[in-house]
Amino acid sequence: MTTAQGTPTFRKVAVTPEARALVPGVQVLTLEAQIPADGPAPADEVWAAAHAEWTGASRAEVRAAPNVAAYRELSRLIGSHPDKRPPSVQALIDRGLRAKPLGSWPKINPAVDAVNAVAVRDLVALGLFDRDMLEGEVALRLTDGTEEFAALGADGPVILEAGGLVLADEKRVLSQFAHRDGVHQAVTAQTRRVLLLACSVPGVDEDTCRDALLAAARLLGGTSR
């Protein structure tokens, strides 16, 4: 939302003590945004600029970029191998930009593509949820071993093991943190309100995340909230 003076309202996702102990220094910042009926602004220019920067880079250069290295450390903290399960900004560069022809970046839908474009330009891990599909506040917490989760691209729901780091609202698990999102709150062509999320970790400060959130909201073409 915006204040009476038009200042965007950033919020921080609540982090439980158990999650804080697992990933100290990690914070998820959010900003609500609107998508106009005719869709977000095209993101091709942003993607093209990122392609020019990264297409000639080596694997080592991508991994050595300070923000990428910071998110790789987060992967290690949560028990993932950052080469087998790379952080999102690294994966976007490797799969769509580095040593790839112009235009090879992933194309999901205009809203997701716009947010991903800002993510690779600013090297900030960003996400977006359909705001109208969320129930209550979002929190970063650990699973208890009973929750069902249906991930994007999966064959169906599974029961998550206890102790996994997730983003969840008051009714369901929304995302396996820094890994994959669920189908329930996925952004579609019909989505008009989104919750943008940015992950701050040691080495990627909150101001950098706020700047990326604002840029994503503007590229979506709506009023940041």
Side-chain angles (χ1 to χ4, degrees), residues 10-31 50 53-54 57-98 106 112 115-129 137-144 147 149 151-153 160-169 173-182 185 195-216:
F10 298 99
R11 294 187 173 90
K12 294 182 181 181
V13 164
V15 182
T16 65
E18 296 81 8
R20 177 71 65 204
L22 180 64
V23 286
V26 171
Q27 185 65 63
V28 179
L29 288 79
T30 69
L31 181 66
E53 180 175 0
W54 290 107
S58 67
R59 287 169 57 90
E61 287 171 329
V62 173
R63 286 147 182 75
N67 286 21
V68 175
Y71 288 122
R72 285 173 64 84
E73 184 58 30
L74 171 62
S75 296
R76 295 185 183 97
L77 280 176
I78 61 178
S80 298
H81 193 295
D83 289 330
K84 295 179 180 178
R85 188 185 289 178
S88 59
V89 289
Q90 176 187 321
L92 286 168
I93 293 170
D94 283 345
R95 295 170 187 170
L97 301 177
R98 188 182 66 81
V112 174
V115 173
N116 282 344
V118 175
V120 295
R121 184 192 66 190
D122 296 354
L123 296 185
V124 172
L126 297 175
L128 68 167
F129 296 160
E137 297 300 316
V138 177
L140 182 62
R141 63 170 176 81
L142 303 186
T143 51
D144 63 13
E147 294 112 329
F149 176 65
L152 283 167
L160 298 175
E161 294 182 1
L165 192 64
V166 296
L167 287 169
D169 64 11
V173 170
L174 304 169
S175 172
Q176 290 178 291
F177 189 62
H179 177 35
R180 64 198 311 191
D181 289 338
Q185 75 287 351
L195 183 71
L196 295 166
L197 307 98
C199 182
S200 175
V201 299
V204 183
D205 63 34
E206 292 184 8
D207 284 343
T208 298
C209 289
R210 291 186 188 96
D211 288 345
L213 288 170
L214 276 175

For the residue pair [X] and [Y], what are the closest heavy atoms and their distance?
X    : Y    : result
V204 : S200 : O-OG, 2.8 Å
A178 : I78  : CB-CD1, 3.9 Å
G203 : N67  : O-OD1, 3.8 Å
R180 : A151 : NE-CB, 3.4 Å

Note to self: Could you check whether any side-chain heavy atom of L165 comes within less than 4.5 Å of a side-chain heavy atom of V23, counting everything from C-beta outward?
What the structure shows: yes
Check: Would you say the side chain of L31 lies within less than 4.5 Å of the side chain of L214, judging by non-hydrogen atoms?
Finding: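 Sidechains of L31 and L214: in contact.
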Checklist line | side chain to side chain contact (heavy atoms under 4.5 Å, CB included) assessment of L167 paired with L197 | finding: CA-CA 11 Å; L167 287 169; L197 307 98; 4.1 Å; yes
By side-chain contact (heavy atoms from CB on, under 4.5 Å), which residues pair with [X], not counting sequence neighbours?
X    : answer
L160 : T143, F149, V158, V166, V173, Q176
P202 : none
R72  : R63, V68, R76, P82, D83, P87, Q90
E53  : none

Which value, rounded to the nearest 0.5 Å, describes the distance between [X] atom [atom1] and [Y] atom [atom2]?
X    : Y    : atom1 : atom2 : answer
R85  : S75  : CZ    : OG    : 8.5 Å
L142 : F177 : CG    : CZ    : 11.5 Å
S88  : I93  : OG    : CD1   : 9.5 Å

Notebook entry, point to check: Can D211 and T208 be counted as having a side-chain donor-acceptor contact under 3.5 angstrom?
Noted result: no
Next item on the list: Verify the neighbour count for atom CZ of R20: are there more than 12 heavy atoms of other residues, nucleotides or ligands below 6.0 Å?
Entry: yes
Next item on the list: Sequence neighbours left out, what passes salt bridge (Lys or Arg N to Asp or Glu O under 4.0 Å) with R98? Give chain and number order.
Entry: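 In terms of salt bridge (Lys or Arg N to Asp or Glu O under 4.0 Å), with neighbours along the sequence ignored, R98 is linked to D94.
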Without placing hydrogens or testing angles, list every side-chain donor-acceptor pair under 3.5 Å for residues 115-129, not counting sequence neighbours.
none

Next item on the list: Check side chain to side chain donor-acceptor pair (under 3.5 Å) between D181 and all other residues, then give those that pass, not counting sequence neighbours.
Entry: S175
Next item on the list: Identify, with sequence neighbours excluded, every residue that meets side chain to side chain donor-acceptor pair (under 3.5 Å) alongside E206.
Entry: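 Listed in chain order: K12, R210.
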Next item on the list: Decide side chain to side chain contact (heavy atoms under 4.5 Å, CB included) for V201 and C199; before the verdict, give the C-alpha distance in whole Å, the side-chain angles of both, and the deciding distance to 0.1 Å.
Entry: CA-CA 6 Å; V201 299; C199 182; 3.7 Å; yes
Note to self: Could you walk me through whether D169 and E137 satisfy the side chain to side chain contact (heavy atoms under 4.5 Å, CB included) test, starting with their C-alpha distance in whole Å, then the side-chain angles of each, then the deciding distance to 0.1 Å, before giving a yes or no?
What the structure shows: CA-CA 5 Å; D169 64 11; E137 297 300 316; over 6 Å; no
Notebook entry, point to check: Backbone N or O of L174 within a donor-acceptor pair of the Q185 side chain at under 3.5 Å?
Noted result: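 Yes, because the side chain of Q185 sits within donor-acceptor range (under 3.5 Å) of the backbone of L174.
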Check: Where do T30 and L196 land on the side chain to side chain contact (heavy atoms under 4.5 Å, CB included) test, with the steps shown first?
Finding: CA-CA 5 Å; T30 69; L196 295 166; over 6 Å; no
